[in-house]
Amino acid sequence: MSKKLYIETVGCQMNVLDSELVVGALRRQGYELTHEATDADVILFNTCSVRQHAEDKIYSALGRLRAHKRRHPDKVLGVLGCMAQKDKEWILHRAPHVDIVCGTGQLARLPELIAAVQQTHTPQLALSLDRKEASRIEVERSFESYDPLRDPSMRPSPFQAYVRIMIGCDKFCTYCIVPSVRGPEQSRPPEHIAAEVRQLAAEGCKEVTLLGQTVNSYEYQYADGRRERLSDLLLRIHDTPGLERIKFITNFPRDMSDDLLDAVRHLPKVCEYLHVPAQSGCNDVLKRMKRLYTVEFYRDMLQRCRERVPGVAISSDFIVGFCGETEASFQRTCDLVREAGFKNSFIFKYSPRPGTKADELFADDVPEEIKKRRNNDLLAIQNRVSLADHRRRIGQTVEVLVEGLSKTELKASGGRPSSGDSGPKQLTGRTMTDHIVVFEGHERLIGQTVQVRIEEATALTLFGTVVTNERIGVEADRLPQVSSFSLHGTNRRVNLPLI
Ligand code: 5AD
Ligand code: SF4
């Protein structure tokens with residue numbers, strides 16, 4: 001009988017990718033995925049530490065499994081990722097039934113750790129060094145970029161994939177735990193990335209999203225001193241046969257260089273979409289956050305993006321209720337959101353993270369009620385801006401990569417695309433500017449690029465009708481059927497910005 005694996009993933013796209021790779025590696029060892037934790041021989045949680053709430057959710061999930069694990073001591077329970085790296089042995093104090101604690105930089109060891117638990121029945125820890133614990137080079141070595149062979153059947157969709165181009169972060173924004181749990185910034189060799197993209201495209205992948213905490217800081221230095229930046233990398237992978245779209249997330253405002261913007265403008269496969277978190281519109285707050293720019297710099301950067309890449313869509317992240325954020329500072333953030341024309345913004349209430357500079361230096365002095373209210377107010381402003389942006393698109397015909405059934409359709413079908421040749425369904429996809437478009441069409445359009453005329457808009461979604469597929473010049477409904485499509489990949493697709 002095959003062994004069963006359950007994995008639950010929270011957090012950013014980097015975690016989604018890590019889980020996909022972990023599942024691929026364990027499948028090669030004979031594991032099969034199950035969607036029921038209590039059914040599994042190995043239960044894994046791939047965790048996030050960016051906000052307290054994400055950690056609380058994992059500790060309660062672990063708590064719910066305590067009795068189950070007592071009844072089935074041979075089952076293996078593992079905590080992976082950022083929380084593992086941050087809380088280390090402490091996880092075993094809080095949840096002594098956990099068998100494996102494995103940090104983000106040690107995931108390659110997971111199969112070996114599982115085997116060790118099964119043989120010895122003793123907890124296994126695999127952690128990278130703390131940043132202050134050793135020299136930079138030693139700490140770097142302890143954070144290994146996890147890039148094993150990819151398994152196409154493990155991706156949430158066969159025609160879209162994440163590709164890691166760097167790990168870690170060196171920015172040390174004062175609120176952020178990422179530099180400690182994901183280690184020093186290290187860029188992967190361009191040849192490795194290009195080979196991975198070639199392999200993915202050869203397997204039918206049409207869209208890759210390059211991942212990095214500050215993806216536009218990507219820089220690989222060869223032994224002879226030559227350097228390759230993100231703009232060079234985009235050029236290098238651009239002509240990969242079969243590849244249609246390239247995205248990259250998340251950008252750091254200070255590193256939004258002109259050569260990168262020119263690459264976005266001139267390389268037709270690169271999406272005209274930039275996620276560049278501002279975090280705040282108030283200089284005092286930005287200074288306390290140590291974001292290394294002023295709001296004036298950020299506004300100029302936005303203007304530069306729009307001038308160099310006509311039609312570009314820009315999205316942002318904001319933290320409300322950061323230490324010392326007054327009503328006046330918050331209003332400056334509101335002004336920025338009113339004026340900047342973001343496609344959308346992800347808004348978070350500040351959550352103090354032990355081990356960060358902000359937690360050490362500043363009081364978390366904005367009451368929860370005020371954080372909530374500011375969150376709602378900012379969201380309402382952003383929604384008005386998004387709606388106005390969406391309404392301007394009514395009447396346009398846009399190119400959409402069809403991703404799958406719409407949320408409404410998925411609910412109606414119990415989460416699975418139907419197998420038979422049923423009638424039109426409500427489908428969802430994205431434009432080159434990352435706008436979500438919902439329209440009616442046959443399921444066999446999934447994975448295809450179609451032309452959709454926009455007819456209606458809400459703050460979150462554009463609605464339209466398929467015109468024709470101009471790329472291959474046939475009626476959209478007569479396109480060939482996609483060979484395989486499964487929404488039941490490794491995990492849920494999380495629509496969160498990368499951190
Ligand atoms: N509290 C709240 N939000 C945070 N983020 C990062 N750290 C924190 C924190 N301590 C947000 C930032 C980042 C996004 C992914 O998460 O806005 O861009
Ligand atoms: Fe790095 Fe982004 Fe965290 Fe700042 S917010 S420390 S840039 S991961």
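In listed order, ligands and their atoms are each counted from 1. Just so it is clear, the structure is predicted and the values come from calculations on it, not from any experiment.
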Do the side chains of Asp170 and Gln213 get nearer than 4.5 Å, heavy atoms only? no
Any side-chain heavy atom of Phe248 within less than 4.5 Å of one from Leu233? no
Heavy-atom nearest neighbour of atom 17 (O) of ligand 1 within options Gln279, Gln213, His275: Gln279
Contact partition for Phe348 relative to ligand 1, non-hydrogen atoms under 4.0 Å: side chain
Considering only heavy atoms, does Val50 approach ligand 1 within less than 4.0 Å through its side chain, its backbone, both, or neither? both
Give the atoms of ligand 2, by number and element, whose distance to some non-hydrogen atom of [X] is under 4.0 Å.
X: Gln213; value: 8 (S)
X: Phe172; value: 6 (S)
X: Thr214; value: 7 (S)
X: Pro179; value: 6 (S)
X: Tyr175; value: 5 (S)
X: Val178; value: 8 (S)
X: Cys169; value: 1 (Fe), 6 (S), 7 (S), 8 (S)

For Asp317, the ligand 1 atoms whose distance to one of its heavy atoms is below 4.0 Å: 13 (C), 14 (C), 15 (C), 17 (O), 18 (O)
Please enumerate all residues that pass side-chain hydrogen bond (donor to acceptor under 3.5 Å, both in side chains) together with Ser345, with sequence neighbours excluded. Gln382
Test of understanding: with side-chain hydrogen bond (donor to acceptor under 3.5 Å, both in side chains), list the residues that count as partners of Ser231, not counting sequence neighbours. Asp259
Are any of the heavy atoms in Arg182 under 4.0 Å away from ligand 2? no
Does the pair [X]/[Y] count as a salt bridge with the N-to-O cut at 4.0 Å?
X: Arg373; Y: Glu369; value: no
X: Asp434; Y: Arg245; value: no
X: Glu272; Y: Arg306; value: no
X: Glu325; Y: Lys371; value: no

Is any N or O atom of Ser351, backbone or side chain, closer than 3.5 Å to an N or O atom of ligand 1? yes
Tightest non-hydrogen contact, residues Pro123 and Leu92, listed as CB-CD1, 4.0 Å
Got a sec: is Cys176 within less than 2.8 Å of atom 1 (Fe) of ligand 2 via an N/O/S atom? no
